[in-house]
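Residues: numbered from 1 along the sequence shown.
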Amino acid sequence: MPHFRTYDDAELHYRVLGPADSPLPPLMCLAGGPGRDAAYLGDLGGLAAHRQLILPDGRGTGASPAAADPARYAFPQLAEDLEALRAHLGLERFQVLAHDAGAAVAQAYAAGYPQRLTRLVLVCPGSRLQGELPDDAREIFETRRHEEWWPEASAALEQLTEATDLSEVRELLFAAAPLAYGRWDEPQRAHAATEGEQLGPVPRAGFWQGVDEQLRLTLLAGLREVTCPVLVVTGDRDGVTGMQAGELVAASFPDAQVHPLHGVGHYPWVDEPTLFAPLVENFLHTT
């Protein structure tokens with residue numbers, strides 16, 4: 001697996017998918033979780049068919065080692081790792097796609113290095129950075145109470161708030177997983193089954209550490225200076241972050257559009273790859 005040295009000399013790893021001879025620019029893909037192995041992104045519904053995808057493993061996830069200093073897990077620091085990877089790859093400017101909590105890393109990067117980005121795609125982001133936590137995700141979840149998995153998923157959600165044993169947490173995550181998908185068929189079940197083993201509890205816990213109100217407002221102010229086009233993708237069955245959060249995130253940028261997908265949950269490339277991949281490709285090709 002290829003690796004690079006970041007700003008504090010840590011050796012971090014990344015994967016490359018797709019054709020090396022593609023004439024299209026590579027797409028940097030940031031995983032969420034927070035603290036989840038980037039392997040769950042797969043090839044993002046076929047985006048690797050015609051261009052290279054670069055998928056870094058954040059500190060303490062995948063093949064990347066744990067951070068010597070827990071402060072390095074905070075998302076503004078992860079944005080500095082992204083800048084080190086950009087320099088390592090020799091990319092003057094580049095495109096970024098970020099999912100879930102990875103959108104916070106992407107926003108921190110955009111605020112600090114707006115001149116480096118040509119396109120930014122944020123998939124099912126949360127809006128904690130914007131200072132608001134809409135409750136429509138819970139409303140979406142409630143509308144699905146007629147589905148057979150709902151009672152078990154609802155009970156698991158309640159138990160997760162107090163669970164501390166890692167094995168129990170993993171079991172509860174799988175029981176609650178259907179709320180994150182547009183439907184609960186075999187592809188969704190197989191994708192959800194990987195979550196428990198892919199989550200890093202320590203990177204997850206450190207993601208927001210040290211991000212005080214002053215830093216939050218500074219990052220938000222920086223987003224107003226981002227000139228590249230931004231696409232925010234949401235799903236109308238996303239019981240994790242909902243849809244309103246994406247609208248709040250888009251409003252933070254001067255040039256952003258929101259594209260909701262019907263019948264799609266928190267992982268659009270799993271639920272509807274034939275909708276998701278063309279949407280992203282069309283955006284990346286727009287001049």
Side-chain angles (χ1 to χ4, degrees), residues 27-34 36 38 40-41 44-45 47 53 75 78-79 82 94-114 116-140 180-182 207 216 219-287:
L27 178 64
M28 192 80 70
C29 304
L30 306 182
R36 188 171 178 182
Y40 83 92
L41 295 174
L44 287 164
L47 282 178
L53 306 184
F75 70 87
L78 299 181
L82 177 58
F94 66 119
Q95 304 171 333
V96 172
L97 180 149
H99 174 247
D100 183 63
V105 180
Q107 289 176 84
Y109 185 84
Y113 302 94
R116 295 296 186 187
L117 296 176
T118 59
R119 291 286 188 280
L120 178 58
V121 182
L122 303 177
V123 183
C124 301
S127 55
R128 183 172 173 180
L129 181 60
Q130 280 65 33
E132 296 186 50
L133 299 174
D135 59 4
D136 66 315
R138 183 70 192 188
E139 295 171 1
I140 291 171
Y181 298 88
F207 192 76
R216 186 184 74 82
L219 292 174
L220 280 181
L223 297 183
R224 304 308 306 171
E225 305 302 317
V226 177
T227 57
C228 77
V230 179
L231 171 67
V232 179
V233 182
T234 61
D236 66 0
R237 286 196 159 196
D238 186 350
V240 179
T241 55
M243 301 177 69
Q244 293 176 11
E247 295 169 2
L248 291 168
V249 170
S252 300
F253 293 91
D255 183 10
Q257 57 177 294
V258 182
H259 194 110
L261 293 176
H262 178 63
V264 164
H266 196 60
Y267 304 97
W269 66 93
V270 177
D271 285 330
E272 295 291 350
T274 58
L275 293 180
F276 176 76
L279 170 65
V280 174
E281 278 294 355
N282 288 339
F283 172 74
L284 295 178
H285 279 102
T286 302
T287 56

Which heavy atom in [X] sits nearest to a heavy atom in [Y], and how many Å separate them?
{"X": "Gln244", "Y": "Asp136", "result": "N-OD2, 3.1 Å"}
{"X": "Val240", "Y": "Ala180", "result": "CG2-CB, 3.6 Å"}
{"X": "Ser127", "Y": "Glu132", "result": "OG-O, 2.6 Å"}
{"X": "Pro278", "Y": "Pro273", "result": "CD-O, 3.7 Å"}
{"X": "Ala108", "Y": "Leu219", "result": "CA-CD2, 4.1 Å"}
{"X": "Ile140", "Y": "Asp238", "result": "CD1-O, 3.5 Å"}

Calculate, to the nearest 0.5 Å, the distance between atoms [atom1] and [atom2] belonging to [X] and [Y] respectively.
{"X": "Leu129", "Y": "Leu223", "atom1": "CG", "atom2": "CG", "result": "6.5 Å"}
{"X": "Leu97", "Y": "Leu284", "atom1": "CG", "atom2": "CG", "result": "7.5 Å"}
{"X": "Leu41", "Y": "Arg36", "atom1": "CG", "atom2": "CZ", "result": "8.5 Å"}
{"X": "Tyr109", "Y": "Met28", "atom1": "OH", "atom2": "CE", "result": "7.5 Å"}

Does the pair Cys29 and Leu44 meet the rule for a side chain to side chain contact (heavy atoms under 4.5 Å, CB included), with working shown? CA-CA 9 Å; Cys29 304; Leu44 287 164; 3.6 Å; yes
Step by step, work out the side chain to side chain contact (heavy atoms under 4.5 Å, CB included) result for Phe253 and Leu120. CA-CA 11 Å; Phe253 293 91; Leu120 178 58; 3.9 Å; yes
Keeping the roles fixed (side chain from [X], backbone from [Y]), state whether a donor-acceptor pair exists under 3.5 Å.
{"X": "Asp236", "Y": "Gly263", "result": "yes"}
{"X": "Asp255", "Y": "Cys228", "result": "no"}
{"X": "Gln107", "Y": "Ala103", "result": "yes"}
{"X": "Arg237", "Y": "His262", "result": "no"}

Please tell me if the side chains of [X] and [Y] come closer than 4.5 Å, counting only heavy atoms from C-beta onward.
{"X": "Val121", "Y": "Leu27", "answer": "no"}
{"X": "Tyr267", "Y": "Asp100", "answer": "no"}
{"X": "Pro260", "Y": "Thr234", "answer": "yes"}
{"X": "Pro114", "Y": "Thr227", "answer": "no"}
{"X": "Val232", "Y": "Pro125", "answer": "yes"}
{"X": "Phe276", "Y": "Val264", "answer": "no"}
{"X": "Leu78", "Y": "Leu30", "answer": "no"}

Ring centroid separation for Tyr40 and His99, is it under 6.0 angstrom?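 They qualify: ring centres under 6.0 Å apart.
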Hey, mind stepping through Leu117 and Tyr113 against side chain to side chain contact (heavy atoms under 4.5 Å, CB included) and telling me if it holds? CA-CA 8 Å; Leu117 296 176; Tyr113 302 94; over 6 Å; no
Step-by-step side chain to side chain contact (heavy atoms under 4.5 Å, CB included) determination, His259 to Phe283: CA-CA 11 Å; His259 194 110; Phe283 172 74; over 6 Å; no
